[in-house]
Student: 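Structure incoming, see below.
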Amino acid sequence: FGAAKPQRYVFVIAIPMRLEGEVKGILVMRPKVDYLRDALSGIEIGKGHIHVVDKKGNLTYHSEYALDRIIDFTNYPVVQKLLKGMEGVEKITDPEYKKPFISAYRPLKEWGWGVIVDKPVDVVLAPVRKINLMIFTITVLMLLIGVIFAYRWAEMIFALKKLSGELEKRVGERTAELAKANRVLKTLSECNQMLVRSKDEGSLIKDICRIITEFGGYRMALVGYPEQDEEKTVRAVAQAGYEKDFLEKVALTWADTEPG
């Protein structure tokens with residue numbers, strides 16, 4: 001008779017018994033059925049999920065519900081990369097919750113298993129204080145998983161530093177984008193106020209040049225009027241930023257020439 005098809009996971013711990021460097025026997029222990037779930041259920045990561053998959057892509061642990069059968073998890077966005085020995089952090093759409101997530105994944109190469117930690121995008125892009133808490137939580141999570149399975153999995157802790165750095169980099173890029181948008185909004189607001197308060201065109205364009213360099217972060221701002229002379233020169237009427245004698249060093253023209 002052929003062996004029955006497995007319906008759920010059973011964990012077995014085998015320890016070689018050595019005497020003078022020679023294996024004399026093997027001690028085999030079988031923990032209770034919910035060993036893995038009981039070991040990891042106390043780990044809290046806030047809003048997010050923890051997945052553990054085996055070398056075939058089957059789900060062996062999920063932080064949200066108990067597993068009463070073997071579940072094929074190969075269709076999950078990053079599992080195929082895990083099975084190829086890849087690691088990283090990327091934005092995915094969770095097929096179960098239909099929401100964008102930041103997924104950090106790391107293979108356990110010696111065993112062929114993999115660990116996935118998912119966090120919602122809005123949580124990852126929360127204030128820096130919350131992100132630091134998340135990084136600390138993931139660090140503790142990886143440390144506990146390494147202690148549970150074997151000391152050889154300690155390499156996961158070092159990999160976490162790389163994942164955390166990538167997360168912080170993405171947060172930094174997002175923060176820079178927001179800062180740039182805030183500068184633009186502040187510049188537009190100051191210009192609108194100047195339009196209301198200004199009494200003549202000359203003072204208006206001078207103040208707008210000043211606002212662009214002061215609030216917009218630009219090195220120089222210039223307003224010039226085209227002259228209808230033979231050289232088609234541009235007459236500068238307002239300037240802010242850069243050197244004061246900059247206009248005396250350059251010849252501005254609206255002609256169809258190299259400097260034009």
Side-chain angles (χ1 to χ4, degrees), residues 45-48 88-94 97-104 117-139 160-228 232-260:
I45 64 169
K47 294 182 179 180
V89 177
E90 60 185 73
K91 181 179 179 181
I92 67 169
T93 299
D94 190 286
Y97 299 95
K98 308 301 182 183
K99 293 181 179 180
F101 278 73
I102 295 296
S103 182
V117 179
D118 292 337
K119 299 283 287 187
V121 170
D122 56 350
V123 174
V124 175
L125 297 181
V128 175
R129 178 178 60 83
K130 293 183 179 180
I131 291 181
N132 287 336
L133 177 61
M134 179 201 68
I135 295 173
F136 173 77
T137 303
I138 296 178
T139 303
L160 175 63
K161 294 181 180 180
K162 180 178 179 180
L163 301 183
S164 300
E166 294 176 6
L167 284 174
E168 291 178 342
K169 179 181 178 181
R170 296 194 179 196
V171 172
E173 292 173 351
R174 178 59 176 167
T175 301
E177 293 174 0
L178 292 175
K180 182 178 180 180
N182 287 336
R183 289 199 304 269
V184 173
L185 292 176
K186 179 64 176 177
T187 301
L188 291 176
S189 175
E190 292 291 330
C191 288
N192 288 335
Q193 294 182 38
M194 192 57 61
L195 284 172
V196 176
R197 297 196 302 263
S198 182
K199 296 181 179 180
D200 59 84
E201 180 181 357
S203 60
L204 173 62
I205 59 179
K206 290 179 181 180
D207 286 331
I208 287 179
C209 287
R210 175 185 57 80
I211 290 171
I212 290 174
T213 57
E214 182 176 344
F215 296 98
Y218 291 93
R219 192 173 183 181
M220 185 188 72
L222 170 71
V223 176
Y225 291 162
E227 297 288 351
Q228 302 300 323
K232 296 183 178 181
T233 57
V234 174
R235 177 171 54 89
V237 295
Q239 173 200 359
Y242 214 66
E243 297 90 347
K244 294 183 179 180
D245 59 344
F246 172 74
L247 296 179
E248 300 175 2
K249 299 178 181 179
V250 297
L252 301 178
T253 177
W254 58 278
D256 188 15
T257 60
E258 183 175 351

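Nothing here was measured: the structure is a model prediction, and the numbers come from that model. Numbering of residues begins at 1 and proceeds along the displayed sequence.
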Student: What's the shortest heavy-atom distance between Ala104 and Val89, and which atoms?
Tutor: CB-CG2, 4.0 Å
Student: State the OG1-CD distance between Thr233 and Gln228, to the nearest 0.5 angstrom.
Tutor: 9.5 Å
Student: Count the heavy atoms belonging to other residues, nucleotides or ligands that lie under 6.0 Å from CD of Glu201, then report whether that count exceeds 12.
Tutor: no
Student: Grab the two heavy atoms, one from Thr213 and one from Ala221, that are nearest each other, plus how far apart they are.
Tutor: CG2-N, 3.6 Å
Student: Is Arg170 salt-bridged to Glu173, cutoff N-O under 4.0 Å?
Tutor: no
Student: To the nearest 0.5 angstrom, please state how far the CD1 atom of Ile208 sits from the CZ atom of Arg210.
Tutor: 10.0 Å
Student: Could you pull out all residues at least two apart from Glu90 that satisfy side-chain hydrogen bond (donor to acceptor under 3.5 Å, both in side chains)?
Tutor: Lys81, Tyr105
Student: For Ile212, does its backbone N or O pair with a side-chain atom of Thr187 as donor and acceptor, under 3.5 Å?
Tutor: no
Student: Could you pull out the closest heavy-atom pair between Thr253 and Lys232, with the gap in Å?
Tutor: OG1-O, 2.7 Å
Student: Could you please spell out the steps behind the side-chain contact (heavy atoms from CB on, under 4.5 Å) verdict for Arg235 and Val237?
Tutor: CA-CA 6 Å; Arg235 177 171 54 89; Val237 295; 3.4 Å; yes
Student: Might you point out which heavy atoms bring Cys209 and Val223 nearest each other, and give the distance in Å?
Tutor: SG-CG2, 3.6 Å
Student: For residues Arg183 and Phe215, report the shortest heavy-atom separation together with the two atoms involved.
Tutor: CB-O, 3.8 Å
Student: So which heavy atom on Phe101 is nearest to which on Pro120, and how close?
Tutor: CD2-N, 3.6 Å
Student: Between CZ of Arg197 and CG of Asn192, what distance do you get to the nearest 0.5 Å?
Tutor: 10.5 Å
Student: Working to the nearest 0.5 Å, report the span between CE of Met194 and CG of Asp207.
Tutor: 4.0 Å
Student: Look at the side chain of Trp254 and the backbone N and O of Glu227, then say whether any donor-acceptor pair between them is shorter than 3.5 Å.
Tutor: yes
